[in-house]
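Before any comments, here is the structure.
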2 protein chains.
Amino acid sequence: MNISAASNAAGLPAKTVRYYADIGLVPAPVRSEAGYRSYDDASVRKLVFVRRAREFGFSISECRELLGLYEDRRRSSADVKRIATARLEEIAKKQRELQSLHDELAHLVDACRGDDRPDCPIIDSLGNPRSEPRMAP
Amino acid sequence: MNISAASNAAGLPAKTVRYYADIGLVPAPVRSEAGYRSYDDASVRKLVFVRRAREFGFSISECRELLGLYEDRRRSSADVKRIATARLEEIAKKQRELQSLHDELAHLVDACRGDDRPDCPIIDSLGNPRSEPRMAP
DNA sequence: ATAATGTTTCCAGTTACTGGAAGGTCAAGC
DNA sequence: GCTTGACCTTCCAGTAACTGGAAACATTAT
């Protein structure tokens, strides 16, 4: 399998596949006589593993750790669960942050007439975070 | 005001304050005789504006655009609302993605015993995304 | 034989900073 | 007057995780 076949099978751009071997995340593939990278199913499975883990938001270094566990027939599931649980908590935290961001911004968008006049609570709020949009006197 | 006073007032690291002037996001401050950057309240207000906008997830280039609107006494609120609404939609999309990520990962963490045995649905799922964790035969 | 496509390496750029080194400045204390 | 320490300067490099592009070689199709 050349790199484009492998990258199709793995669901990753070829550039990324090369990159993952460059940084040593996955082993460097064997080469054809002409120097072309040659992939087998096991390599593709590892690439898929990495892609999925990345989609879950695991960092490259977490992927490294997970790949190590993936390949270690004797690892405990507790090791894996620990990493995944930490990641889960990060996701939940990010969700809470996004929620308050969303609420605050939605409030401002609602308050903005969106017409051709210059008054705009969004801009006002960015410049004067403590002041509420001013009321009619 | 020297840079650390300004950066305190703006709630940004001094490095970042310098950086924002370097990339032309905010105007370069005047300098003292010795070459120290000197800030006034108006500069600090702009820095606060940028910090807030960044906290809302606006990119630097969006901040550039918003700052332009902030400084333009004749802009329409519609221009601002357009940018903010687009950003709001991005936030909502990100929220939906995070939600499904969270659900999927939480499901896997629940399914993992987390003991010292090697069987682990999390790892299995990463390697074989289509196969459900295997049942007792 | 030639053209189109696939592959290689390498270098640079992206985003938004952050860290650190080497050196100049300022205010306080002795 | 001198030292100490805090503060400031510039510049270079690095981060994460790729992505884009150029120049050159290989393979395949016509």
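Protein chains get the first letters and strands the later ones, always in sequence-line order, with residue 1 at the start of each. Keep in mind that this is a model prediction, so the values were computed, not measured.
Here A/T16 does not reach the OP1 or OP2 of D/dA17: none of its side-chain N or O atoms lies under 4.0 Å away. The phosphate of D/dT9 has OP1 or OP2 within less than 4.0 Å of a side-chain N or O from B/R37.
One atom, CD1 of B/I3, and another, C1' of D/dC7, lie 11 Å apart when rounded to the nearest Å. Distance, A/R51 CZ to D/dC18 P: 12 Å, rounded to whole Å. For B/Y39 and D/dT9, the OH to C1' distance is 12 Å, given to the nearest whole Å. The distance from atom CD of A/E33 to atom P of D/dA26 is 11 Å, rounded to the nearest whole Å. Computed from coordinates, the B/D22 CG to D/dT9 P distance equals 11 Å when rounded to whole Å. We find that CG of A/L12 is positioned 11 Å from C1' of D/dC18, with the value rounded to whole Å. Atom OH of B/Y36 and atom P of D/dT10 are 11 Å apart (whole Å).
Across all strands, B/R18 comes closer than 4.0 Å to base atoms (heavy-atom distances).
Of the residues near DNA chain C, B/S59 and A/G35, the one whose nearest nucleotide (by heavy atom distance) lies more toward the 5' end is A/G35. A residue-by-residue look at B/I60 and A/S4 shows that A/S4 has its nearest nucleotide of DNA chain C further toward the 5' end.
Residue A/R37 holds its CZ atom at 15.0 Å from CE of A/M1, rounded to the nearest 0.5 Å. Interatomic distance, B/S7 OG to B/K15 NZ, rounded to the nearest 0.5 Å: 12.5 Å.
Checking D/dG21, D/dA26, D/dT10 against every side-chain atom of A/K15, the shortest atom distance belongs to D/dG21.
Across A/L12 and A/V17, no two heavy atoms sit closer than the pair CB-CG2, 4.0 Å. Closest approach of A/A53 and A/C63 over heavy atoms only: CB-SG, 3.7 Å.
Between the B/T85 side chain and the B/K81 main chain, a donor and an acceptor come within less than 3.5 Å of each other. In this structure, the side chain of A/R51 engages the main chain of A/A10 through a donor-acceptor pair within 3.5 Å.
The nucleotide range of DNA chain C contacted by chain A, defined by atoms under 4.0 angstrom from heavy atoms of the protein and reported 5' to 3', is C/dG6 to C/dC10.
Between B/Y39 and B/V30, the closest side-chain pair of non-hydrogen atoms is not below 4.5 Å.
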